[in-house]
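Quick note: numbers below take in every heavy atom, side chains included, and nothing from hydrogens, waters or symmetry partners. In the text below, chain A, chain B and the rest are named by the order of the sequence lines, each starting its count at 1.
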There are 2 protein chains.
Amino acid sequence: MTQTRPENPPRRITRQRSALEALLAELEDFRSAQDLHALLRDRGDGVGLATVYRTLQALVEEGQVDVLRGDDGEASYRSCSPVHHHHLVCRSCRRTVEVADPPLERWAQRIAAEHGFADVHHQLEVYGTCGACAP
Amino acid sequence: MTQTRPENPPRRITRQRSALEALLAELEDFRSAQDLHALLRDRGDGVGLATVYRTLQALVEEGQVDVLRGDDGEASYRSCSPVHHHHLVCRSCRRTVEVADPPLERWAQRIAAEHGFADVHHQLEVYGTCGACAP
DNA sequence: CACCATAATGGGAATCGTTCCCATAACGCA
DNA sequence: TGCGTTATGGGAACGATTCCCATTATGGTG
Ligand SMILES: [Zn+2]
Ligand SMILES: [Zn+2]
Ligand SMILES: [Zn+2]
Ligand SMILES: [Zn+2]
């Protein structure tokens with residue numbers, strides 16, 4: 001969704017950053033910063049909590065990671081594809097699928113223009129209970 | 001979005017609750033709990049912060065108020081119509097317009113079903129800069 | 001109208017996710 | 001290998017939200 005950083009100061013490759021990127025790469029659902037911090041510790045690649053937050057923030061700015069705010073306001077992160085998409089998330093196990101809806105993109109632009117809004121962005125998430133979590 | 005409370009214990013009408021409902025009724029954009037608390041104080045109808053939070057929570061459950069989480073995780077509240085809708089929000093002045101997109105409703109159900117997800121809900125917000133806030 | 005059981009209030013403490021600060025360690029390039 | 005600069009991390013600081021609980025107000029009832 002967000003993609004800044006044109007040619008800013010070069011970003012250094014540190015053990016911590018590599019560890020976090022590797023972890024995110026093998027996870028396919030949204031996880032909180034605290035979760036990621038704990039997972040890294042368990043795995044042996046301990047990384048300071050502050051660093052986890054900083055790095056996630058950077059990854060989000062680079063457009064490599066998407067953020068999602070839960071009802072409780074806690075942020076969750078997921079390594080996502082770079083093209084615009086939305087999410088279908090299981091409210092029980094957090095399993096996430098990337099989905100796209102071209103018509104929606106056009107609709108958002110149109111409805112915003114009709115109301116005199118410019119520089120339009122949007123955010124859509126679909127929540128449900130996945131097959132594996134059904135009762 | 002949320003609508004619980006079938007015939008729970010009767011809810012009492014207090015000065016505080018009335019004041020908050022009245023304030024929300026005349027505001028047309030999303031406001032944080034802290035904002036509302038301050039506005040009530042300025043207006044003379046002081047209400048404890050804890051009560052503001054509790055009451056907003058109740059109003060949300062009753063479906064009279066919608067919540068929106070900002071990028072910083074802070075929640076904002078707005079007195080909304082009871083029918084399902086989405087929001088077109090000015091990222092600068094917070095001005096908000098309720099909008100609807102029937103095709104999206106169908107799409108969400110379909111895409112979720114295709115992936116084996118049930119009990120589907122969704123959430124869409126469109127952000128932009130309104131005419132009055134244009135440069 | 002007075003009375004009571006019960007729900008609501010509010011001020012301050014307690015949570016908890018996230019950010020700050022800053023001395024120290026690690027990069028990357030020459 | 002040496003150096004200027006960026007990244008790290010532990011703990012303090014923050015800020016929104018929730019908890020606790022003694023006190024007050026509400027909505028019937030008689
Ligand atoms: Zn994504
Ligand atoms: Zn889209
Ligand atoms: Zn609304
Ligand atoms: Zn909808």
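- Distances shorter than 4.0 Å separate none of the side-chain N or O atoms of A:Gln16 from OP1 or OP2 on C:dA25.
- Side-chain atoms of A:Gln109 and A:His122 include no donor-acceptor pair closer than 3.5 Å.
- Under 4.0 Å is where a charged nitrogen must lie from a carboxylate oxygen, and between B:Arg17 and B:Glu62 at least one such pair does.
- Counting to the nearest Å, the P atom of C:dC27 and the CZ atom of A:Arg15 are 9 Å from each other.
- Following rounding to the nearest Å, B:Arg17 (CZ) and D:dG27 (P) show an atom-to-atom distance of 11 Å.
- Between A:Glu98 and A:Arg78 there is a salt bridge, since at least one side-chain N of the basic residue sits less than 4.0 Å from a carboxylate O of the acidic one.
- One finds no side-chain N or O of B:Gln34 lying less than 4.0 angstrom from the OP1 or OP2 phosphate oxygen of D:dG15.
- Per the geometry, CG belonging to B:Asp72 stands 18 Å off P belonging to D:dC14, to the nearest Å.
- Distances from the side chain of B:Ala33 to the nucleotides D:dG27, C:dC20, D:dT17 place D:dT17 closest.
- Considering only side-chain N and O atoms, A:Arg12 lies nowhere under 4.0 angstrom from the phosphate OP1 or OP2 of D:dG4.
- Separating the CG atom of A:Asp35 from the C1' atom of C:dT18 is a distance of 15 Å, rounded to the nearest angstrom.
- The CD-P distance, from B:Gln57 to C:dA7, rounds to 17 Å in whole Å.
- Within 3.5 Å, no donor on the side chain of A:Arg54 pairs with an acceptor on the base of C:dT19, nor the reverse.
- Taking atom CG on A:Leu56 and atom C1' on C:dG17, their separation rounds to 13 Å, with Å as the unit.
- Looking at A:Arg11, its side chain has no donor and acceptor atom pair within 3.5 Å of the base of D:dT6.
- No donor-acceptor contact under 3.5 angstrom links the side chains of B:Ser18 and B:Arg15, judged on distance only.
- Both B:Gly73 and A:Val52 lie close to DNA chain D; mapped to their nearest nucleotides by heavy-atom distance, the more 5′-ward contact belongs to A:Val52.
- A straight line from CG of A:Leu49 to C1' of C:dC20 spans 13 Å, rounded to a whole angstrom.
- Taking each heavy atom of A:Ile111 and B:Leu88 in turn, the nearest pair found is O-CD2, 4.0 Å.
- At the phosphate of D:dG9, OP1 or OP2 sits under 4.0 Å from a side-chain N or O atom of A:Thr51.
- The phosphate of D:dT6 (OP1 or OP2) has no side-chain N or O of A:Thr14 nearer than 4.0 angstrom.
- Neither OP1 nor OP2 of D:dT18 sits under 4.0 Å from any side-chain N or O of B:Tyr53.
- Distance CZ (B:Arg69) to C1' (D:dG15): 13 Å, rounded to an integer number of Å.
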